S.K.: 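What follows is a structure written as structure tokens; I'll ask about it next.
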Amino acid sequence: MTSEFGSDPTLRSYARLVRRRKWWVVSLALVGLAVSLAISFTEAKQYAASAQVLVQPSTQASALGSTQQPVTPTDVQTMLQLVTSAPVTKAVQKKLGQAPSVTAAEVAQTNVISITGTAGTPARAATVANDYAQAFVNYQQTVAISSLEQAEAQLRGQIRSIARQVKQLRGTSGTGSQQTALINQEAVLSEQLTQMQVNSSGETGGLTVVTPALPPTAPSSPKPTEDGLLGLLAGLILGLAAAFLRESLDDAVATKEAAEEFGGATVLAAVPMVTSWKKRQRPLVVSLARPMSPAAEAYRSLRTSLQFARQERDLHTILVTSPAAAEGKTSTLSNLGAMFAQTGQRVVLVSCDLRKPRLGQFFGIDEKAGLTTAILGEQPVEELVQAVPGDDNLWLLGSGELPPNPAELLNGRRIQEVFAALRELFDLVLIDSPPVLPVTDSVVLAKDADATLLIVAAGQTSRGDLQRAAEKLAHVNARVVGLVLNETTRQGGYGYGYGYGYGGTYTTEKSPLPVPAQLNGAAPATHRGGSRRAR
């Protein structure tokens with residue numbers, strides 16, 4: 001993306017990218033929504049019920065007695081792991097015949113543990129949660145009582161040992177103080193044993209079920225609304241990722257910025273795609289057929305830009321070409337010629353594509369006799385120029401018979417003489433040439449033209465092709481007056497629907513000019529092709 005938007009991409013450039021690739025985003029978002037809803041509606045209903053267990057301070061028993069220990073976060077985390085321990089799971093399995101999976105979680109950083117059971121029915125879910133909670137409490141109680149019993153056994157052993165020592169010291173002189181100390185120690189241990197037995201009778205293991213699980217009233221899954229939103233969000237993220245990936249892998253020029261960066265010239269006009277043009281195999285001069293269309297307005301804008309360029313420099317011959325084939329150069333030339341003719345200028349369109357000529361098809365004119373006929377000297381150029389039907393200011397010079405060596409023919413002295421004659425007869429000469437990259441014809445013609453107009457098909461012309469075409473033209477010092485970004489769409493960031501209409505039609509100015517008989521439809525006797533127009 002950096003190469004297309006320059007070194008500093010902007011939020012607007014990203015928005016244009018998403019708009020161009022919107023079908024990727026929309027399609028994947030809809031796929032994510034459809035998949036999530038399909039899974040949601042076909043998945044069996046599941047119910048979840050939760051029982052809450054309180055973790056309380058426990059009694060730590062030892063040979064020295066029992067003490068109360070406060071609950072720490074570590075104790076709570078340990079309890080969470082013990083919920084699904086083997087002894088608890090085994091106890092649940094013994095009661096239910098199986099051990100369904102449950103989840104345990106701390107409730108909002110408290111000493112309360114929530115045990116959630118999931119099942120196909122509400123009652124079963126509550127039963128699973130309660131059985132796990134009770135089995136967990138019972139297990140911890142058993143562990144605590146076992147610990148107290150071991151401590152009691154140790155105290156009893158100590159008491160018996162002291163009793164034997166006291167018995168051995170009786171009747172021995174000088175041991176009275178020692179006997180008294182042992183008797184006092186025995187009394188303390190006996191008191192601790194009694195207290196430990198009392199604690200053992202009420203030992204709960206530090207756990208209490210505070211909230212038993214109740215059968216839920218609604219299923220926990222599936223949830224079509226939430227699942228649909230999550231699927232839509234996931235699809236949207238995937239769609240955006242795919243759009244950016246596709247953009248990074250796409251080498252086609254799609255924006256004005258990219259065209260100017262790789263073409264090395266200014267974009268003079270962005271011509272929108274004519275979506276209503278159904279029969280693509282039939283050429284259409286949209287500026288004549290649909291003068292109120294956005295495409296026709298774009299050609300008017302192009303004409304205005306070239307008129308400003310002609311004020312800065314005397315431009316009589318303009319070469320129209322493109323980096324590769326099928327990028328709209330002939331269509332652009334035809335419409336541009338019609339637009340200049342509407343201003344009263346006498347314009348001739350020259351078909352210099354001697355490999356695949358199509359210019360005549362746009363106006364229904366036969367190209368059997370034309371440029372090659374004049375180059376070979378078989379007929380004067382003024383007799384070969386044909387008037388375009390319906391337009392008094394527009395003429396066409398066809399290609400003529402296709403030669404076996406077009407590049408050599410276009411590089412000779414005779415082609416320069418033909419162009420010189422056309423400059424004398426017409427105000428503007430527009431030259432249609434082959435693409436730049438496949439053949440050298442355009443580069444040869446660019447040397448003899450006053451300016452070159454390079455056509456770029458949005459979304460079709462590759463950046464590499466455009467850059468190489470500009471370099472080839474620069475090698476012969478061809479002056480690229482500007483670029484035309486052809487077949488743009490709204491997805492490319494071009495809003496070309498202005499919403500304005502035109503109340504009138506264009507009128508042409510007719511000024512007298514000494515033109516040959518072939519140009520004004522007069523009889524051959526009035527031929528004045530040799531005269532020169534005053535400048």
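Note that the structure is a prediction, hence the values are computed from the model and not measured.
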S.K.: Between the side chain of Ser27 and the main-chain N/O of Trp24, is any donor-acceptor distance below 3.5 Å?
M.R.: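 Pair absent, no side-chain N/O of Ser27 close to backbone of Trp24.
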S.K.: Within the structure provided, determine whether Leu454 and Thr321 are in side-chain contact (heavy-atom separation under 4.5 Å).
M.R.: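 Contact flag for Leu454/Thr321 side chains = yes.
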S.K.: Looking at side-chain heavy atoms only, is the closest gap between Val418 and Leu422 below 4.5 Å?
M.R.: yes
S.K.: Check for a donor-acceptor pair, side chain of Gln386 on one end and backbone N or O of Asp366 on the other, with a separation under 3.5 Å.
M.R.: yes
S.K.: Starting at CG of Asp465, measure out to CD of Gln460 and round the result to the nearest 0.5 Å.
M.R.: 10.0 Å
S.K.: Where is the tightest heavy-atom contact between Val25 and Ala243, given as atom of each residue plus distance?
M.R.: CG2-CB, 4.1 Å
S.K.: Looking only at heavy atoms, what is the nearest atom pair of Ala296 and Pro291, with distance?
M.R.: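 Looking at all heavy atoms of both residues, the shortest contact is CB-O, 3.5 Å.
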S.K.: Out of curiosity, Gln345 CD to Leu428 CG, how far, rounded to the nearest 0.5 Å?
M.R.: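 Reported value, rounded in 0.5 Å steps: 6.5 Å.
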S.K.: Would you check if the side chain of Asn477 reaches a backbone N or O of Lys447 as a donor-acceptor pair within less than 3.5 Å?
M.R.: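 No, Asn477 side chain to Lys447 backbone: no donor-acceptor pair under 3.5 Å.
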S.K.: Side chains of Leu453 and Leu302, heavy atoms from C-beta outward: is any pair under 4.5 Å?
M.R.: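 A side-chain contact exists here, since the closest heavy-atom pair is under 4.5 Å.
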S.K.: Could you go through Ile375 and Leu409, starting from their C-alpha distance and side-chain angles, then the distance that decides it, and tell me whether this counts as side-chain contact (heavy atoms from CB on, under 4.5 Å)?
M.R.: CA-CA 8 Å; Ile375 294 176; Leu409 193 65; 3.6 Å; yes
S.K.: Where do Lys329 and Ile455 come nearest, in terms of heavy atoms and distance?
M.R.: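 Between these two residues, the closest heavy atoms are CA-CG1, 3.8 Å.
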S.K.: Any side-chain heavy atom of Ser40 within less than 4.5 Å of one from Lys223?
M.R.: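 Result no, sub-4.5 Å side-chain heavy-atom pair not found.
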S.K.: Distance check, rounded to the nearest 0.5 Å: Asp432 atom CG versus Leu397 atom CG?
M.R.: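 Those atoms lie 11.5 Å apart.
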S.K.: Main chain of Glu327, side chain of Asn486: is a donor-acceptor contact present, judged purely on distance under 3.5 Å?
M.R.: yes
S.K.: Thr118 and Ala48: which non-hydrogen atoms are nearest, and at how many Å?
M.R.: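 Heavy atoms of Thr118 and Ala48 come nearest at OG1-CB, 4.2 Å.
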S.K.: Thr266 versus Leu483: any side-chain heavy-atom pair under 4.5 Å?
M.R.: no
S.K.: Do any N or O atoms from the side chain of Glu367 and from the backbone of Gly360 form a donor-acceptor pair under 3.5 angstrom?
M.R.: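 Checked: pair present.
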S.K.: Would Arg414 and Glu417 pass as an ion pair if we require N to O under 4.0 Å?
M.R.: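 Between Glu417 and Arg414 there is a salt bridge, with a charged N closer than 4.0 Å to a carboxylate O.
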S.K.: Output, in order, the C-alpha distance, side-chain angles, deciding distance and verdict of side-chain contact (heavy atoms from CB on, under 4.5 Å) for Phe340 and Leu306.
M.R.: CA-CA 10 Å; Phe340 270 107; Leu306 290 176; 3.9 Å; yes
S.K.: Distance check, rounded to the nearest 0.5 Å: Trp23 atom CH2 versus Leu30 atom CG?
M.R.: 9.0 Å
S.K.: Can you tell me if Asn411 uses its side chain to pair, donor with acceptor, with the backbone of Ala407 under 3.5 Å?
M.R.: no
S.K.: Using atom types as modelled and distance alone, determine if a side-chain donor or acceptor of Asp353 lies under 3.5 Å from a backbone N or O of Lys356.
M.R.: yes
S.K.: Using only atom types and a distance under 3.5 Å, with no angle test, would you say the side chain of Ser305 pairs donor to acceptor with the backbone of Ser301?
M.R.: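 The answer is yes, because a donor-acceptor pair under 3.5 Å joins these two groups.
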S.K.: Determine the minimum heavy-atom distance between Leu410 and Ile415, stating which atoms define it.
M.R.: O-CG2, 3.1 Å
S.K.: Under the side-chain contact (heavy atoms from CB on, under 4.5 Å) rule, what do Asn393 and Val347 come out as? Steps first, then yes or no, please.
M.R.: CA-CA 6 Å; Asn393 293 319; Val347 182; over 6 Å; no
S.K.: Does the Thr304 side chain pair with the main chain of Arg300, one donor and one acceptor, at a distance under 3.5 Å?
M.R.: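 Between the backbone of Arg300 and the side chain of Thr304 there is a qualifying donor-acceptor contact (under 3.5 Å).
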S.K.: If we only count heavy atoms from C-beta on, is the Leu402 to Pro357 side-chain gap below 4.5 Å?
M.R.: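 A side-chain contact under 4.5 Å exists here.
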S.K.: State, yes or no, whether a side-chain contact exists between Val128 and Pro100 at a heavy-atom distance under 4.5 Å.
M.R.: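 The answer is yes; the side chains approach within 4.5 Å.
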S.K.: Are the side chain of Arg346 and the backbone of Ala341 linked by a donor-acceptor contact shorter than 3.5 Å?
M.R.: no
S.K.: Answer yes if the side chains of Glu401 and Thr372 hold a donor-acceptor pair under 3.5 Å, and no otherwise.
M.R.: no
S.K.: Any side-chain heavy atom of Val271 sitting closer than 4.5 Å to one from Tyr299?
M.R.: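 Answer yes - side chains close enough.
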S.K.: Grab the two heavy atoms, one from Ala478 and one from Thr452, that are nearest each other, plus how far apart they are.
M.R.: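 In terms of heavy atoms, the two residues are closest at CB-OG1, 4.2 Å.
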S.K.: Would you check, one step at a time, whether the test side-chain contact (heavy atoms from CB on, under 4.5 Å) holds for Leu359 with Leu333?
M.R.: CA-CA 9 Å; Leu359 184 57; Leu333 180 137; 3.6 Å; yes
S.K.: Starting at CZ of Arg310, measure out to CG of Asp450 and round the result to the nearest 0.5 Å.
M.R.: 9.5 Å
S.K.: With rounding to the nearest 0.5 angstrom, report the CD to CD distance, Gln467 to Glu261.
M.R.: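 The distance works out to 8.5 Å.
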